[in-house]
There are 2 protein chains.
Amino acid sequence: MSSAERRDTTAPAGTVADALRDAIAGGDFAPNQRLVEADLSEQFGASRAAVRAALVELTSEGLVERVQNRGARVRAVSVEEAVEITEVRMVLEGLLAAKAATRLSDDDRARLRQIGASMQDAVASGDLLGYSGLNSELHTFVRESADQRTAGLLLERLRGQNVRHQFRLAMQPGRPSVSLPQHLAIIEALCAGDPDAAEQAMRVHLQSVVEALSRVDPGPRAGRRG
Amino acid sequence: MSSAERRDTTAPAGTVADALRDAIAGGDFAPNQRLVEADLSEQFGASRAAVRAALVELTSEGLVERVQNRGARVRAVSVEEAVEITEVRMVLEGLLAAKAATRLSDDDRARLRQIGASMQDAVASGDLLGYSGLNSELHTFVRESADQRTAGLLLERLRGQNVRHQFRLAMQPGRPSVSLPQHLAIIEALCAGDPDAAEQAMRVHLQSVVEALSRVDPGPRAGRRG
DNA sequence: GGCGTGGAGGTTGTCGACAATGAGTTCAGC
DNA sequence: GCTGAACTCATTGTCGACAACCTCCACGCC
């Protein structure tokens, strides 16, 4: 809500892509909303060429859709796509969990257990937002511990495409009580240094996310035009 | 020098990206070679703006590297990165193999068995190039049968980054005799309609590729600037 | 002789304007 | 009243030129 405000200074360079990325992720632009180059140019205080470059970049990241001579719009990811993305996350994060399990320091283990304890507290006190934050903290921790930049980069991009569905899922009632034990199992396997168990636990968790996504109603329709 | 030849007509649109992609994949440009916008502009008969857009696009695909005010160059992927990429392929193609196993028609199965038989013939007659072609045909077949566009797109991009290493690996003596039974195992599991076995077989195969890549010498030095 | 300084060349970044394309709208004809 | 075509408008695609920047090289100074 605060990322798309006007800027006084001309944007130095590829900054436009970052700003636009944040704005889309932050919900400043609705799915399927048109992204007119001239408007964005004024909004971000950048040249139209810079906006154009940012649009091209975000297109190959899957956040915007561009059709010849018809302009760009925020790409709306359907539930089916969200499932696909989560399936990919499942195997990718499984790989990272396995690699991370063999590389954790004692400090890392302590940090993981701390996250686990905080998660239990958050669920116990019904703090959905805090739990959601700890959730992404856990996944980020695994990603960074694994030392696999290729998978890490892909995951980061996929996360960008999925934030909306991710958010909707997190607000689903009863969701924390099913995901909490899965998260704890992941942490346990990681701390035990067992790569196979860690991968398996991560996959179980994300498979459950896949099923939860499939169960959820189609949600905000993806086809509307603005 | 098949893909990068001069063109008479101005390139219509995002065609430049495709042409440049092919040229890099085809080896017309060496790793770390500078990509000067003006030169490419003349070479492809397109405006500099079009070249620029293509460069941005290929950058986020991981084929070129761009640094502020210093221009673009063909990205050289190190052996370590090739290993990472193959690890990602391992889990992604494993996922696709599992999904494909549950969706194959009788025609598909026949086609798969045919590929397997051709592979055996190629290896028996020492036809390395033919075997290599059948190899990518198999992987492509799995990718398309799985009906998972997200994973499929990621794999296609990763393949683009890895062609060079892939090629060096294929020419390694003794490599076919180890990969052939793995390929046959994949085909068998797919035809049996067993998703777990198919995923496992695919992972075993690509894990072996990872190990082969690690064994191979560092090859053309990739990382250093200059 | 080594090191810092200045200049020259080349390449990218940016801008403004014009042409081309597509969509929506209005108007005539049936 | 409805259909079809032409027109208008908004928006993107393309181009050329200029400015900013980096690199390399030569020169002078310590």
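The chains referred to below are lettered A, B, ... by the order of the sequence lines, with proteins before strands, and numbering in each begins at 1.
The B:Glu37 side chain lies nearest to C:dT12 when the options are D:dT14, D:dG13, C:dT12. Between C:dG13, D:dG13, C:dC15, one nucleotide has an atom nearer to the side chain of A:Arg52 than all others, and that is D:dG13. Among the nucleotides C:dT12, D:dC15, D:dT12, the one closest to any side-chain atom of B:Val36 is C:dT12. Side-chain proximity of B:Arg66 to the nucleotides D:dC15, C:dG13, C:dC15 is greatest for C:dG13.
The distance from atom CG of B:Leu35 to atom C1' of C:dT11 is 13 Å, rounded to the nearest whole Å. Separating the CZ atom of A:Arg73 from the P atom of D:dA10 is a distance of 18 Å, rounded to the nearest angstrom. Going from atom CZ of B:Phe44 over to atom P of D:dT14 covers 16 Å, rounded to whole Å. The distance between atom CZ of A:Arg48 and atom P of C:dA17, rounded to the nearest whole Å, is 12 Å.
Annotation for A:Leu95 and A:Glu199: closest pair N-OE2, 4.3 Å, computed over non-hydrogen atoms. When every heavy atom of B:Ala97 is checked against every heavy atom of B:Leu190, the shortest pair comes out as O-CD2, 3.4 Å.
A:Glu57 and B:Arg66 are not joined by a salt bridge, as no carboxylate oxygen comes within less than 4.0 angstrom of a charged side-chain nitrogen. Checked for salt-bridge contact, B:Glu84 and A:Arg149 miss the test: no charged N lies under 4.0 Å from a carboxylate O. A salt bridge does not link A:Asp108 with A:Arg111: every distance from a Lys NZ or Arg NE/NH1/NH2 to an Asp or Glu carboxylate oxygen is 4.0 Å or more.
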Quick test: give all pairs of protein nitrogen or oxygen and nucleotides 21-24 of chain D nitrogen or oxygen below 3.5 Å, distance rounded to 0.1 Å.
residue	atom	partner	partner atom	Å
D:dT23	OP1	B:Arg70	NE	3.0

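If you check every strand for non-hydrogen atoms under 4.0 Å, B:Leu55 touches nothing.
Contact annotation: the side chain of A:Ser179 approaches that of A:His205 to within less than 4.5 Å [non-hydrogen atoms, C-beta and beyond].
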